[in-house]
Amino acid sequence: MVTWWILNSLAKEIYDSVEYVSNSAELWRELEDRYDQTNGAKLYQIQKEINDLAQGSLDITAYYTRMKRLWEELSTLSAKSQCSCNCTCGAKETMHKAEQDRRLIQFLMGLNEVYTIVRGSILMMKPLPSMAQAFSLLVQEEKQREFKPNNHLNLNSTSLHVNANPQHQGSFGTRSFRTNYTVNNGNKGRPFCDYCKKPGHTKEKCYKLHGYPQGNCYNNQNFNRGSA
C-alpha cells in the first residue's frame with residue numbers, strides 16, 4: 001500500500017524508472033539518493049530571481065507574495081543546512097533576525113521610487129521592523145496614494161468649472177456681453193441707424209432726426225404738446 005501511494009505521487013517519467021522496485025523502503029531510498037541533494041543550479045536560479053525581482057507594475061501585495069514564494073522555495077532547498085538543536089546562548093535567534101533583516105532589505109530594494117520616503121522611514125527604525133510590520137506600513141501608504149489622484153482631479157475639475165461659469169465674470173459684464181452678442185447676431189445684414197441706435201433704417205431716413213411724415217400719430221402728439 002505504501003509503495004502504491006508513493007508511485008501514484010510521482011511524475012510518469014519517474015514512475016517508469018522505479019515501477020519494479022520490490023518494496024517501499026527500497027523505493028524511498030532510490031528516490032532519496034536521486035533527488036534529495038542540494039541542486040546548485042536550482043539554488044542559483046532562485047537566488048537570481050530574488051535579486052532581479054522588482055515591484056514594477058505589481059501592487060504591494062502581489063510583489064510581496066512573489067518574493068515570499070521565492071524565499072520559501074530557497075529555504076526548502078537548503079533545509080538540511082539549518083540548525084535543529086536547542087540553543088541556549090541566543091545565537092539561533094540572532095541568526096534568524098539577521099536573515100529576516102536581509103530579506104527585508106531585499107524586499108525594500110525592489111520597491112518603486114514612489115515609496116522612497118516610507119522606505120527611508122522603515123530603514124531608520126531601530127531595530128528594523130519585521131516583514132509583517134513593514135508590509136503593513138507599505139500597504140497603508142499604497143492606499144493613501146490611491147485616493148490622492150482622485151482628490152487632485154476633483155480640485156482641478158472644480159477650478160475649471162469656476163473659470164467657465166459666467167457668474168464669476170461679474171453680472172454687469174456678463175449681461176453686456178450677452179446683449180451685444182444678441183444685437184450683433186440678430187442684426188447681421190440689416191441696416192443700422194447711428195443716430196437712434198436702432199436697426200431697420202439708416203441715419204439718412206431716421207424719423208427722430210428728420211421728423212415724421214404728415215398725419216403720423218407721433219406728429220399729432222408733438223403738435224398737442226406744443227399747443228399745450
Side-chain angles (χ1 to χ4, degrees), residues 2 5-15 17-18 24-149:
V2 175
W5 287 343
I6 297 174
L7 290 175
N8 283 338
S9 66
L10 299 177
K12 186 178 185 306
E13 296 78 6
I14 302 174
Y15 177 92
S17 65
V18 295
S24 59
E26 183 180 352
L27 173 60
W28 187 258
R29 282 194 297 269
E30 174 72 18
L31 295 174
E32 186 176 21
D33 291 341
R34 278 194 215 177
Y35 302 107
D36 196 28
Q37 297 178 1
T38 301
N39 190 332
K42 186 65 174 176
L43 285 172
Y44 173 83
Q45 178 185 353
I46 296 175
Q47 189 62 60
K48 189 175 187 306
E49 288 184 31
I50 292 174
N51 294 338
D52 295 343
L53 182 60
Q55 181 184 357
S57 60
L58 301 173
D59 59 22
I60 294 296
T61 301
Y63 170 55
Y64 173 73
T65 301
R66 188 170 298 183
M67 181 74 81
K68 191 173 186 295
R69 180 182 61 80
L70 292 172
W71 286 333
E72 291 176 350
E73 192 172 354
L74 185 64
S75 298
T76 301
L77 287 174
S78 57
K80 286 195 171 181
S81 63
Q82 298 176 4
C83 177
S84 59
C85 61
N86 294 325
C87 179
T88 58
C89 66
K92 189 174 181 179
E93 288 76 8
T94 302
M95 292 176 61
H96 177 74
K97 182 65 168 71
E99 175 65 17
Q100 294 303 309
D101 289 349
R102 184 182 66 81
R103 290 184 177 186
L104 175 62
I105 298 300
Q106 285 180 334
F107 180 74
L108 295 177
M109 288 174 63
L111 290 173
N112 292 336
E113 291 303 315
V114 295
Y115 296 101
T116 299
I117 296 178
V118 66
R119 175 171 54 196
S121 299
I122 293 173
L123 292 173
M124 290 295 291
M125 295 181 183
K126 190 174 181 180
L128 288 174
S130 65
M131 273 300 310
Q133 293 170 331
F135 174 78
S136 177
L137 292 173
L138 289 166
V139 168
Q140 291 179 26
E141 175 69 14
E142 182 182 50
K143 289 181 178 179
Q144 291 179 3
R145 289 184 172 277
E146 289 177 356
F147 291 109
K148 286 181 181 178

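The chain is numbered in sequence order, starting from 1. Values in this document were obtained by computation on a predicted structure and should not be read as measured data.
- The aromatic rings of Phe107 and Tyr63 sit parallel, their planes meeting at an angle under 30°, below the 60° perpendicular limit.
- Panel note: side chain Arg66, backbone Leu58; no donor-acceptor pair is recorded below 3.5 Å.
- Atom CH2 of Trp28 has 12 or fewer heavy atoms from other residues, nucleotides or ligands within 6.0 Å.
- Rounding to the nearest 0.5 angstrom, the gap separating the OG1 atom in Thr61 from the NZ atom in Lys68 is 13.0 Å.
- For Arg29, the salt bridge (Lys or Arg N to Asp or Glu O under 4.0 Å) test picks out no residue, with sequence neighbours left out.
- Using a 4.5 Å heavy-atom threshold, the side chains of Leu27 and Leu7 count as touching.
- A donor-acceptor contact shorter than 3.5 Å is absent between the side chain of Glu141 and the backbone of Val118.
- Atoms OG1 and CD1, on Thr65 and Ile60 in that order, are 11.0 Å from each other to the nearest 0.5 Å.
- When only modelled atom types and interatomic distance are considered, Thr116 and Glu113 share a side-chain donor-acceptor pair under 3.5 Å.
- Here the straight-line distance linking atom CD1 of Ile105 with atom CD of Gln100 works out to 12.0 Å at 0.5 Å rounding.
- For Met125, the CE atom is densely surrounded, since the number of other residues' heavy atoms within 6.0 Å is greater than 12.
- What you find for Arg119 and Met109 is that their closest heavy atoms are NH1-O, 4.1 Å.
- Applying the side chain to side chain donor-acceptor pair (under 3.5 Å) test to Lys126 and every residue at least two apart in sequence or in another chain returns nothing.
- Rounded to the nearest 0.5 angstrom, Leu31 CG and Glu26 CD are separated by 10.5 Å.
- Between the side chain of Ser17 and the backbone N or O of Ile14 there is at least one donor-acceptor pair closer than 3.5 Å.
- How far CE of Met131 is from CG of Leu138: 8.0 Å, rounded to the nearest 0.5 Å.
- If you take CD1 on Ile46 and OG1 on Thr76, they are separated by 8.5 Å, rounding to the nearest 0.5 Å.
- Listed by chain and number, the residues in a side chain to side chain donor-acceptor pair (under 3.5 Å) with Asp52 are Lys48 (sequence neighbours excluded).
- Residues Leu104 and Pro129 form a side-chain contact, since some pair of their non-hydrogen atoms from C-beta on lies under 4.5 Å apart.
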Original post:
Are Asn51 and Gln106 close enough, and set up right, to give a side-chain contact (heavy atoms from CB on, under 4.5 Å), and what steps lead you there?
Top reply: CA-CA 7 Å; Asn51 294 338; Gln106 285 180 334; 4.0 Å; yes
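- Remark: Glu99 engages Arg103 in a salt bridge, criterion side-chain N to carboxylate O under 4.0 Å.
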